[in-house]
Amino acid sequence: MVALFASKGLTSYIRQHFLDRTFQGLYHANSFDIALLIPYFIVLILLASYGLHRYILVFLYYKNRKNHTSGPAAQFESLPRITVQLPMYNEQYVAERLIDCICKLKYPREKLDIQVLDDSTDETVGVVRNLVERYSALGHPISYHHRDNREGFKAGALAEGMKTAQGEFIAIFDADFTPHDDFLLKTIHHFTDSKIGMVQTRWTHINRHYSFLTEVEAILLDGHFVLEHSGRARSGVFFNFNGTAGMWRKSAIEEAGGWQHDTLTEDTDLSYRAQLKGWKFTYLQDVECPAELPVEMTAFKTQQARWAKGLIQTGKKILPRVLKSDAPLHTKIEAWYHLTANRSYPLMIVLSVLLLPAMIIRFYQGWFQMMYIDLPLFLASTFSISSFYLVSQRELFPKKWPRALLYLPFLMALGIGLTITNTKAVLEALIGQQSAFARTPKYGLESRKQKVGATKYRKRLGWIPWVELVIGAYFALTVYYALDNENYITVPFLVLFVVGYWYTGLMSLLQGRFSGLALGAETHTKPFPVGV
């Protein structure tokens with residue numbers, strides 16, 4: 001009886017909302033509605049195309065699984081000389097941890113050359129100089145290089161270091177990384193293939209379980225390193241060096257034109273220039289390099305905005321060369337999607353503005369059209385995100401991946417919440433507005449018992465968090481409208497917008513005013529003690 005009642009109830013609901021033609025013909029299109037719906041559908045289609053591209057990357061990942069790079073084809077009979085470059089800027093809380101890891105690398109000292117490229121303007125200078133002197137006195141081949149200016153930012157520091165680099169190969173580590181002692185031995189032998197110009201390894205996360213935010217950040221990066229990098233590498237299309245946790249052949253850097261600082265993603269810029277010169281890249285998914293994730297929302301947003309702006313800048317610079325090159329068509333298409341993906345953020349802003357009025361118009365046009373036109377496009381734009389990152393977790397954690405299901409709604413919401421910050425960055429790139437390389441503050445935090453006590457590296461909040469709160473309120477209104485009109489199917493998606501904007505806005509404001517809020521229990525305000 002219950003099943004019969006439920007069946008009749010469902011049939012009645014479908015007849016009422018999808019098959020009822022009582023009001024058919026009462027709605028008549030007008031020029032205002034058409035003028036609003038045209039950009040609405042254009043935006044939906046463009047966002048859906050980027051969503052479908054994520055599915056394609058997953059397909060390429062599995063289709064080309066046989067191309068997975070494991071061990072090198074051969075090994076050097078005599079190990080070549082390597083220069084390890086450590087670019088840093090005001091990193092007093094993580095500098096010692098990095099230098100300690102680098103000095104523990106297993107490699108013949110006579111064939112190792114460690115450069116600390118320090119552009120710092122604070123206490124980091126004294127801390128790092130003292131560290132280098134102590135390790136050098138112990139026989140480590142380490143040298144300290146300090147510039148009086150930040151010309152070219154990180155790219156400028158790397159280029160300056162290249163002038164005195166003695167190694168045939170260049171390994172690069174940012175200040176928040178902690179490479180394992182066998183890193184060099186696991187990567188160097190891949191260069192026995194003379195065509196290989198760069199080897200990239202996979203980032204892992206030493207503070208993955210530090211907070212809810214770092215859990216979500218880790219899943220985001222896992223998707224990039226597992227599916228994007230592997231999918232592209234296995235398919236033989238262009239992919240990029242991530243600026244750290246990798247090794248270059250010095251001649252590949254030089255032949256590609258060296259480090260250039262006209263974009264904020266100098267690593268991606270150099271990667272494409274090198275591959276256009278014919279150099280091959282290798283991605284080692286099984287070689288891990290731990291790093292620290294940002295623990296503050298403002299730091300995370302700063303990092304994401306820099307990457308978003310830098311990729312658009314690189315796209316403007318490099319895509320014309322790629323499209324005119326002799327690269328295969330599928331390589332050009334993949335490069336297009338890779339370097340223009342962040343244009344989806346301004347599209348999301350347009351969609352945010354149009355969503356409520358479009359929902360009203362589409363409601364009067366009929367449920368049938370919304371169900372079979374709007375909803376599939378919306379799902380292609382949004383569901384591809386959750387499935388993309390879920391697959392990456394399944395690949396990394398075959399037994400524990402269902403745990404990621406708990407974070408996926410918040411991951412999608414966080415991606416939405418970044419829209420304002422990243423849209424500003426993308427628009428600046430499109431109009432050619434230059435900006436300084438904004439580093440991501442790191443505090444050497446690994447345990448839940450630690451929290452951010454030092455605030456001197458914290459970014460200013462600005463007006464963006466307030467705008468995020470206002471837009472979140474706007475979407476709360478759309479949720480109310482959807483409920484009031486029994487448009488229940490759209491409510492879960494609209495709630496993601498509300499949660500995303502309010503979460504990023506509130507966290508930015510609260511973390512900017514209350515030191516270490518919700519980040520732990522013990523204060524860490526002083527740099528690590530100088531010592532060996």
Side-chain angles (χ1 to χ4, degrees), residues 39 42-43 46-47 49-50 53-54 89 150-156 158-159 174 220-221 224 228 238-244 256-276 294 298-324 332-353 414-440 459-460 462-465 467-468 471 504 508:
I42 290 175
V43 169
L46 289 173
L47 288 174
S49 72
Y50 282 106
H53 175 250
R54 295 189 191 96
Y89 170 68
R150 290 190 72 201
E151 182 181 356
F153 307 109
K154 179 181 176 180
L158 293 171
D174 283 349
L220 285 169
L221 285 171
H224 171 68
E228 289 191 63
F238 293 167
F239 72 97
N240 63 291
F241 171 57
N242 290 104
T244 178
W259 293 104
Q260 299 175 7
H261 52 83
D262 51 350
T263 75
L264 292 178
T265 48
E266 70 292 323
D267 43 15
T268 303
D269 172 29
L270 177 60
S271 298
Y272 271 83
R273 286 187 279 116
Q275 288 169 108
L276 286 172
T298 50
F300 175 62
K301 289 163 74 173
T302 297
Q303 180 191 68
Q304 295 297 310
R306 187 181 75 241
W307 290 350
K309 183 172 184 176
L311 279 180
I312 295 298
Q313 291 174 326
T314 302
K316 289 176 61 179
K317 174 181 178 179
I318 295 297
L319 270 179
R321 305 184 196 180
V322 175
L323 297 178
K324 293 176 182 178
K332 295 179 180 180
I333 294 175
E334 181 55 40
W336 170 269
Y337 274 101
H338 179 198
L339 297 177
T340 65
N342 288 301
R343 294 187 181 186
S344 60
Y345 288 107
L347 294 176
M348 286 290 292
I349 293 292
V350 177
L351 180 64
S352 298
V353 173
L414 181 60
I416 292 169
L418 292 172
T419 299
I420 304 299
T421 304
N422 287 358
T423 294
K424 177 177 178 291
V426 168
L427 294 179
E428 288 177 354
L430 290 174
I431 65 175
Q433 180 177 330
Q434 297 295 322
S435 58
F437 186 101
R439 58 176 287 276
T440 306
K459 300 297 179 182
R460 292 184 178 180
W463 51 267
I464 289 181
V467 174
E468 290 165 347
I471 295 178
T504 54
S508 298

How far apart are the C-alpha atoms of Y345 and T421, what are their side-chain angles, what is the distance that settles it, and do they pass the side-chain hydrogen bond (donor to acceptor under 3.5 Å, both in side chains) test?
-> CA-CA 9 Å; Y345 288 107; T421 304; over 6 Å; no
In Å and rounded to the nearest 0.5 Å, what is the [atom1] to [atom2] distance from [X] to [Y]?
{"X": "I471", "Y": "M348", "atom1": "CD1", "atom2": "CE", "answer": "10.5 Å"}
{"X": "L418", "Y": "K301", "atom1": "CG", "atom2": "NZ", "answer": "7.5 Å"}
{"X": "F239", "Y": "H224", "atom1": "CZ", "atom2": "NE2", "answer": "10.0 Å"}
{"X": "F238", "Y": "H338", "atom1": "CZ", "atom2": "NE2", "answer": "12.0 Å"}
{"X": "K317", "Y": "I312", "atom1": "NZ", "atom2": "CD1", "answer": "15.0 Å"}
{"X": "S435", "Y": "K424", "atom1": "OG", "atom2": "NZ", "answer": "7.5 Å"}

Shortest non-hydrogen contact between [X] and [Y], atoms and distance:
{"X": "G417", "Y": "T504", "value": "O-OG1, 3.3 Å"}
{"X": "P294", "Y": "F300", "value": "CB-N, 3.9 Å"}
{"X": "G243", "Y": "D174", "value": "O-OD1, 3.8 Å"}
{"X": "T263", "Y": "G310", "value": "CB-O, 4.3 Å"}
{"X": "A341", "Y": "S344", "value": "O-OG, 2.8 Å"}

Could you tell me whether the side chain of [X] and the main chain of [Y] form a donor-acceptor pair under 3.5 Å?
{"X": "S271", "Y": "F241", "value": "yes"}
{"X": "T419", "Y": "I416", "value": "yes"}
{"X": "T423", "Y": "I420", "value": "no"}
{"X": "R273", "Y": "I318", "value": "no"}
{"X": "Q313", "Y": "L264", "value": "yes"}

Are any of the side-chain nitrogens in K154 or D267 under 4.0 Å away from the carboxylate oxygens of its partner?
->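 Here K154 does not pair with D267 in a salt bridge, since their nearest N and O are not under 4.0 Å apart.
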Test the R321-Y272 pair against the cation-pi criterion, namely NZ or CZ under 6.0 angstrom from the six-membered ring centroid and within 45° of the ring axis.
->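 No, R321 does not lie over the aromatic ring of Y272.
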Option from T265, T268, D269, D262 for which side-chain hydrogen bond (donor to acceptor under 3.5 Å, both in side chains) with T314 holds |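 Testing each of T265, T268, D269, D262 against T314, the sole residue satisfying side-chain hydrogen bond (donor to acceptor under 3.5 Å, both in side chains) is T265.
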Could you check Q433, E428, Q434 and say which one makes a side-chain hydrogen bond (donor to acceptor under 3.5 Å, both in side chains) with K309?
->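 Testing each of Q433, E428, Q434 against K309, the sole residue satisfying side-chain hydrogen bond (donor to acceptor under 3.5 Å, both in side chains) is E428.
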Test side chain to side chain contact (heavy atoms under 4.5 Å, CB included) on R343 and L430 and set out the steps.
-> CA-CA 10 Å; R343 294 187 181 186; L430 290 174; 4.0 Å; yes
Show the numbers, then the answer: is there a side chain to side chain contact (heavy atoms under 4.5 Å, CB included) between H53 and E334?
-> CA-CA 9 Å; H53 175 250; E334 181 55 40; 2.8 Å; yes
Show your reasoning for whether side chain to side chain contact (heavy atoms under 4.5 Å, CB included) applies to K332 and W336.
-> CA-CA 6 Å; K332 295 179 180 180; W336 170 269; over 6 Å; no
Can you check side chain to side chain contact (heavy atoms under 4.5 Å, CB included) on I42 and V350, steps first, answer last?
-> CA-CA 10 Å; I42 290 175; V350 177; over 6 Å; no
